[in-house]
Amino acid sequence: MKDLPLIIGSHVSMSGKDMMEGSVREALSYGANTFMLYTGAPQNTRRKPVSELHIAQAQRLMEENRISSFVVHAPYLINLANTVKPETYEASVRFLIEEARRTRLMGSSLLILHPGSHVGAGAKEGIKSIVRGLNEVLSQSSDVCIALETMSGKGSEIGRSFEELAAIYEGVSLNHRLRVCFDTCHTHDAGYDIAGNPDGVLAQFDRVLGLDQIAVFHINDSKNERGAAKDRHADIGEGKIGFEPLNYLVRLPEFSHIPHILETPWYPDPDHPGKTLPPYRREIAWFRAGRQSGL
Ligand code: FE
Ligand code: FE
Ligand code: ZN
């Protein structure tokens, strides 16, 4: 039996005058066949009009190179769980509706979202607020699924357990348009034994949410011990998870149809002090080969 090719890529940037066309080119330079981008700087909500994103050119380049899917990540400062500052919640809802529209226009059907942080009000209040926000966003957008990311539990983050994500699913009326983005660093940091028992973790996920809800993986190693609730990504094979468990997850046939996205940190360039280089080309090659070749 012939193995299906892995769908693997990384986070890429979208800037300069080529915008999305440049993103595709960056992905191709890593040997990727998928990618993830932010529609602008992840730390703010300033966005260029879609007419300036070079979408048609990007799509042509994707077609020529058989890239059939990519995903969009919503910016970090979106917080649907904020009940302490209503302005933040309101702005988040408005921005997400726009973001869903941009995702669609760019040609993706999946928008990844950090569920939010309750900023002191407690997980129960936070989840209630996320549900309310998602109900509004989903009813005012169409054709896009929102993938809730599994979080590390840093600060007051919601989504540190599969049960918290399930509670969000339970409250959202249009929950057939919810999915999960499974981040390996975050689940490890939240306490799940990704390194020692990836099958057990997936079985647990299956019982709570169903494996068919995973629409994208974030494949990252972690700088911290399991359960540290820290969220610091490490390059593949250089953290506390290690290459083998991640390689095992990446190659599971039941997920061969969904994108696997690396968000590993850039490393110092030995030839140019102060500069950094992306690890994606070699990490993608390792996963395609099934081993850390060339080491
Ligand atoms: Fe994320
Ligand atoms: Fe992530
Ligand atoms: Zn992270």
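Counting starts at 1 for both ligands and their atoms, in listed order. Residue numbers start at 1 and run along the sequence shown. As the structure is a prediction and not an experimental result, all values here were calculated from the model.
When only modelled atom types and interatomic distance are considered, Asp189 and Ser222 share a side-chain donor-acceptor pair under 3.5 Å. When only modelled atom types and interatomic distance are considered, Ser10 and Glu263 share no side-chain donor-acceptor pair under 3.5 Å.
Take the N/O/S atoms of Asp231: the one nearest the Zn ion (ligand 3) is OD1. Of all the N, O or S atoms in His218, the one closest to the Fe ion (ligand 2) is ND1. The name of the N, O or S atom in Glu149 nearest to the Fe ion (ligand 1) is OE1. Closest to the Fe ion (ligand 2) among the N, O or S atoms of Glu263 is OE1.
Between Arg101 and Glu98 there is a salt bridge, since a side-chain N of the basic residue sits under 4.0 Å from a carboxylate O of the acidic one. Between Glu64 and Arg60 there is no salt bridge, since no side-chain nitrogen of the basic residue lies less than 4.0 Å from a carboxylate oxygen of the acidic one. Taking the charged nitrogens against the carboxylate oxygens, Arg25 and Asp18 do have a contact shorter than 4.0 Å, which makes a salt bridge. Ionic pairing of Lys154 and Asp231 is present here: one or more N-O contacts between side-chain nitrogen and carboxylate oxygen are shorter than 4.0 angstrom.
Among the backbone and side-chain atoms of His73, none of the N, O or S atoms lies under 2.8 Å from the Fe ion (ligand 2). Among the backbone and side-chain atoms of His186, none of the N, O or S atoms lies under 2.8 Å from the Fe ion (ligand 1). Taking 2.8 Å as the threshold, Asp183 does not count as a candidate ligand of the Fe ion (ligand 1), since none of its N, O or S atoms lies below it. For a distance bound of 2.8 Å, the N, O or S atoms of His218 include none lying that close to the Zn ion (ligand 3). Residue contact annotation: Cys185 places no N/O/S atom under 2.8 Å from the Zn ion (ligand 3). The Zn ion (ligand 3) has no N, O or S atom of Glu263 under 2.8 Å away, backbone or side chain.
Rounded to 10°, the angle formed at the Zn ion (ligand 3) by NE2 of His233 and NE2 of His186 is 110°.
Shown are Lys240, Arg232, Lys230; of these, the salt bridge (charged side-chain N to carboxylate O under 4.0 Å, His left out) with Glu225 is made only by Lys240.
Taking the six-membered ring where the residue is Trp, His73 and His218 present parallel rings, their angle staying beneath 30° rather than reaching 60°.
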